[in-house]
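Residue numbers begin at 1 in each chain, while the letters A, B, ... track the order of the sequences.
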Amino acid sequence: MSIYVGNLSYDVTREDLESVFNEYGRVNRVSLPMDREADRPRGFAFVEMAAKDDEAKAIEALNGAEWMGRVMKVNEARPRTAAAGGSGGGGGNYRRNSF
DNA sequence: CCTGAGCGG
């Protein structure tokens with residue numbers, strides 16, 4: 001289970017995310033992908049926590065919260081491995097929460 | 001490669 005964190009500031013690091021998400025539970029891993037062409041952060045990250053219950057709390061608490069001067073969007077992340085024979089379909093629209 | 005899309009190796 002992983003969490004998608006979007007609309008982040010380019011100044012944020014995985015240490016910052018780890019620190020913030022650690023307040024809601026133990027952070028398993030923090031991933032901060034960057035643009036392959038520009039070698040710069042895309043403004044989103046992925047956080048994996050030990051307990052999915054804590055992930056839900058973190059999502060509820062941090063989604064739509066203002067952080068680093070940006071309103072970050074936290075949501076349940078898609079499975080990165082969407083290859084054939086994997087999750088089997090499920091390529092639906094994960095975008096929820098219209099606020 | 002210096003920026004604003006939302007989902008990575």
Within the structure shown, what part of the strands sits under 4.0 Å from A:Arg29 by heavy-atom distance: base, sugar-phosphate, or nothing? base
Base, sugar-phosphate, or nothing for A:Leu32, non-hydrogen atoms under 4.0 angstrom? nothing
Give, ordered by number, those residues of residues 46-55 of chain A having at least one heavy-atom distance below 4.0 Å to an atom of DNA chain B; if nothing qualifies, reply none. A:Phe46
In chain order, what residues pass the side-chain contact (heavy atoms from CB on, under 4.5 Å) check against A:Glu60, with sequence neighbours excluded? none
One should read off an interatomic distance between A:Leu8 CG and A:Lys73 NZ, to the nearest 0.5 angstrom, of 11.0 Å
Interatomic distance, A:Asn75 atom CG to A:Leu62 atom CG [nearest 0.5 angstrom]: 12.0 Å
d([atom1], [X]; [atom2], [N]) in whole Å:
| X | N | atom1 | atom2 | result |
| --- | --- | --- | --- | --- |
| A:Met72 | B:dG6 | CE | C1' | 14 Å |
| A:Leu8 | B:dG8 | CG | C1' | 14 Å |
| A:Arg80 | B:dG9 | CZ | P | 7 Å |
| A:Arg78 | B:dC7 | CZ | C1' | 6 Å |
| A:Asp39 | B:dT3 | CG | P | 15 Å |
| A:Ile3 | B:dG6 | CD1 | P | 21 Å |
| A:Asn7 | B:dT3 | CG | P | 16 Å |
| A:Met34 | B:dG8 | CE | P | 14 Å |

Are A:Phe21 and A:Asn28 close enough that some pair of their side-chain heavy atoms sits under 4.5 Å apart? no
Taking the side chain as every heavy atom from C-beta outward, state whether A:Val47 and A:Tyr4 have any pair of such atoms under 4.5 Å apart. no
Closest-nucleotide ordering on DNA chain B, the 5'-leading residue of A:Tyr10 and A:Lys73: A:Tyr10
Want to settle it: does A:Ser9 or A:Arg36 sit nearer the 5' end of DNA chain B, counting the closest nucleotide to each? A:Arg36
Taking A:Glu55 for its side chain and A:Met49 for its backbone only, find out whether a donor-acceptor pair lies under 3.5 Å. yes
Look only at the side chain of A:Arg14 and the backbone of A:Ser31, and say whether a donor-acceptor pair between them is shorter than 3.5 Å. no
Heavy atoms from C-beta onward define the side chain here; which of B:dC7, B:dG9, B:dG4 lies closest to that of A:Phe44? B:dC7
So, does the side chain of A:Tyr4 form a donor-acceptor pair with the base of B:dG8 at under 3.5 Å? no
Between the base of B:dG8 and the side chain of A:Ser2, is there a donor and acceptor pair under 3.5 angstrom? yes
Tell me if B:dG6 is syn or anti. Syn = glycosidic torsion within 90° of 0, anti otherwise. syn
